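The structure appears below as structure tokens.
For clarity, every value in this text was computed on a predicted model and none was experimentally measured. Convention: sequence-line order gives letters A, B, ...; per-chain numbering from 1.
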Amino acid sequence: MSTKPSILKGTRDFLPSTMAKRNFIFSTIKTVFEKYGYAPIETPTIEKTETLMGKYGEEGDRLIFRVLNLGDKLAKADVNALKEAHLVRFANSISDKALRYDLTVPFARFVVQHQNDLTFPFKRYQIQPVWRADRPQKGRYREFYQCDVDVVGSESLLYEIELIQIFDEVLSNLGVNDFTIKFNNRKILTGIAEVCGQADKLTDITVAIDKLDKIGKDGVIKELKDRGVNDTAINIINPLFELEGNNDELVVKMTEFLKESKVGLKGIEELTYVLDRIKKLGLNKAKLSFEVTLARGLSYYTGAIFEVVANQVKMGSICGGGRYDNLTELFGLKGMSGVGVSFGADRIYDVMTELNLFPKSLTSSTQVLFINFGEKEQDYSLSILKLLRNHQISAEIYPTSAKMKKQMKYANDKQIPYVVMIGSNEIETNTITYKEMETGEQNNSSLNNFITLLTKLP
RNA sequence: GUGGUUGUAGUUCAGUUGGUUAGAACGCCUGAUUGUGGUUCAGGAGGUCGUGGGUUCGAGUCCCAUCUUCCACCCCA
């Protein structure tokens with residue numbers, strides 16, 4: 001008895017037509033990354049639990065997919081922990097490995113492990129799937145691809161500029177016309193916490209004000225209170241919820257606001273440096289926007305933070321990232337500042353689908369189909385097929401001498417642009433007959449003319 | 001992880017207060033057309049109503065569980 005096959009919640013199969021579009025995204029991204037001097041690497045799908053745990057905050061730990069221990073190792077299960085409802089301790093006793101949650105932390109591990117083989121500043125990109133035990137929603141999957149580009153071993157703000165240019169170039173090249181790069185600096189957030197005298201509540205303050213867009217001013221104030229931020233501090237923060245103006249005006253206002261905080265002013269200085277340079281260099285389609293309330297939950301960011309949203313689609317961010325000064329320190333290597341961003345390929349796909357941005361020409365890979373008229377004609381076609389392939393023309397032959405209608409329909413369904421017919425007439429006259437499917441036009445010509453025609457195509 | 005929501009043919013969806021043999025469109029197959037697809041016409045095949053229990057004389061319809069979908073929260077690409 002066979003049950004209906006299905007796949008796990010939040011995962012997907014990709015059909016050839018989908019893969020064509022996904023590969024278009026990946027190759028666009030790769031091309032830009034390489035143009036800026038980044039080289040590809042890969043890391044394993046599963047990592048030791050200890051490598052991943054504790055790097056993403058409490059919420060993050062909960063969302064890590066754990067992999068069960070095998071065989072005898074399982075016998076070490078801490079049954080007492082289970083009885084006492086210490087679920088985390090029990091989980092650790094039966095699992096010491098997990099699927100990667102993102103590409104940044106494994107990369108930090110990679111840098112520390114291979115530090116002697118790398119040239120710093122080390123620029124790498126990495127395109128691989130990651131897994132999160134989250135509850136799926138639109139644009140939210142349990143398995144999805146991240147396209148990360150990072151540089152470690154330099155504090156230079158040139159890399160912040162470079163990453164903004166990469167955002168702009170990739171998304172513009174893909175045809176996404178209306179998107180905003182939100183930009184902020186963790187030091188500014190630290191400064192805000194200092195100025196209001198609640199430096200110890202930095203995380204609570206950032207998590208709360210990050211939600212301004214979503215829950216509004218009153219919602220944020222309520223959340224701040226719930227998180228134990230005192231009223232004096234809330235009154236100091238309050239004006240930030242009504243800040244208006246362009247990037248330059250915001251910088252002026254925030255400089256005033258943060259005048260008592262050394263860290264805060266340092267953040268403003270870094271941010272201004274980048275904003276000024278970008279202003280001079282110009283951007284293609286991106287809007288760059290300083291957002292004081294942009295925080296991002298990932299706790300390892302220490303400097304610049306980025307987030308990119310597509311303005312015409314209601315979906316979470318399509319890219320994100322920032323600077324981290326201490327990530328490699330967790331694996332025993334100090335003084336390695338890094339900055340990087342991640343493109344969410346699956347969300348970019350969803351955005352492009354919704355806005356109908358994929359080029360039409362992506363659908364078919366086969367250019368020429370040979371009609372099969374029988375054994376003799378088939379053998380003859382085979383040698384011509386080989387010739388076409390030698391010319392880098394993607395071609396195939398129908399596997400049986402089925403009815404013409406069926407073979408034509410196959411070409412039509414696969415959107416193959418040319419059909420070649422070689423029957424006894426053509427063999428006798430040493431010619432081929434080809435049909436252009438879109439126009440329906442049919443010609444008899446020499447093979448060489450046909451090859452010339454195809455190789456001249458764009 | 002919390003609360004809600006969804007599931008009927010390959011696909012998108014109808015299906016009355018619980019009542020005979022569960023329908024449509026598109027797609028698919030066959031033929032009109034034995035060397036011509038995308039249009040047209042004629043015909044045909046496809047469903048254990050997500051799965052497992054329960055209530056009932058009787059369940060696609062009501063109840064419970066489970067899986068899945070989408071949404072809000074949490075968090076995030």
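Sorted by first then second residue, the salt bridge (Lys or Arg N to Asp or Glu O under 4.0 Å) pairs that include residues 394-403 of chain A, not counting sequence neighbours, are A/E396-A/K414. Sorted by first and then second residue, the salt bridge (Lys or Arg N to Asp or Glu O under 4.0 Å) pairs with a member in residues 421-438 of chain A form an empty list; sequence neighbours excluded. Note on residues 36-48 of chain A: pairs passing salt bridge (Lys or Arg N to Asp or Glu O under 4.0 Å), not counting sequence neighbours, are A/E47-A/R109.
Comparing A/I215 and A/Y145 against RNA chain B, the residue whose closest nucleotide sits nearer the 5' end is A/I215. If A/L8 and A/S317 are placed on RNA chain B by their nearest nucleotide, the residue sitting closer to the 5' end is A/L8.
With hydrogens and angles ignored, the 3.5 Å screen pairs no side-chain donor or acceptor of A/R22 with any backbone N or O of A/Y349.
Look at A/Y141 and the base of B/A77; the rings do not stack under the cut-offs of 5.5 Å between centres and 30° between planes.
Cation-pi geometry between A/R12 and A/Y141 is satisfied (NZ or CZ under 6.0 Å from the ring centre, within 45° of the ring normal).
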query = Where along nucleotides 29-37 of chain B does protein come under 4.0 Å, by heavy atom, of base (B) or sugar-phosphate alone (S), with - for untouched nucleotides?
reply = S-SB--BBB
inquiry  = How would you summarise protein contacts on nucleotides 2-8 of chain B per nucleotide, using B for base, S for sugar-phosphate only and - for none, with heavy-atom distances below 4.0 Å?
reply    = BB-----
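When heavy atoms are screened at a 4.0 angstrom cut-off, A/G10 is found touching the sugar-phosphate backbone but no base atom. If you check every strand for non-hydrogen atoms under 4.0 Å, A/K211 touches sugar and phosphate atoms only. Among the protein residues, A/Q146 comes within range of the sugar-phosphate backbone only, with heavy atoms under 4.0 Å from sugar or phosphate atoms but none that close to a base. When heavy atoms are screened at a 4.0 angstrom cut-off, A/V309 is found touching no nucleic acid atom at all.
Using a 90° window around 0 for the glycosidic torsion, B/G46 falls inside it and is classed as syn.
Rounded to whole Å, the P atom of B/U61 lies 27 Å from the corresponding atom of B/C71. Nucleotides B/A24 and B/C49, compared at atom C1', are 16 Å apart to the nearest Å.
Annotation for A/K30: atom NZ does not count as buried by contact number, only 12 or fewer foreign heavy atoms lying within 6.0 Å.
Residues from residues 24-38 of chain A lying near RNA chain B, meaning a heavy-atom separation below 4.0 Å, are absent. At a non-hydrogen distance threshold of 4.0 Å, A/G344, A/R347 from residues 341-353 of chain A come into contact with RNA chain B.
In this view, A/E143 satisfies the salt bridge (charged side-chain N to carboxylate O under 4.0 Å, His left out) rule with no residue, not counting sequence neighbours. The salt bridge (charged side-chain N to carboxylate O under 4.0 Å, His left out) test applied to A/K217 returns A/E242, not counting sequence neighbours. For A/K211, the salt bridge (charged side-chain N to carboxylate O under 4.0 Å, His left out) partners are A/E223, not counting sequence neighbours. Partners of A/Y410 by ring pair (Phe, Tyr, Trp, His ring centres under 6.0 Å), not counting sequence neighbours, listed by chain and number: A/Y398.
A/I181 places none of its side-chain heavy atoms less than 4.5 Å from the side chain of A/K287. Side-chain contact between A/S445 and A/F450 is present, with heavy atoms from C-beta onward closer than 4.5 Å. At least one side-chain heavy atom of A/F179 sits less than 4.5 Å from a side-chain heavy atom of A/K285.
Between A/N444 and A/T431, the side chains place a donor N or O and an acceptor N or O closer than 3.5 Å (distance only, hydrogens not considered).
Between A/Y145 and A/F343, the distance separating the two ring centers is not shorter than 6.0 angstrom.
A donor-acceptor contact under 3.5 Å links the side chain of A/R140 to the base of B/C75.
Per the geometry, CG belonging to A/D226 stands 14 Å off C1' belonging to B/C74, to the nearest Å. Atom CD of A/E354 and atom P of B/C70 are 13 Å apart (whole Å).
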query = Given the rule that a pair is Watson-Crick or G-U wobble with both distances under 3.5 Å, how would you write RNA chain B in dot-bracket, using | for pairs to a different strand?
reply = ((((..(..((((.....[...)))).(((((.......))))).....(((((..]....))))))..))))....
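Set against B/U69, B/C71, B/A77, the side chain of A/Q137 has B/C71 as its closest nucleotide.
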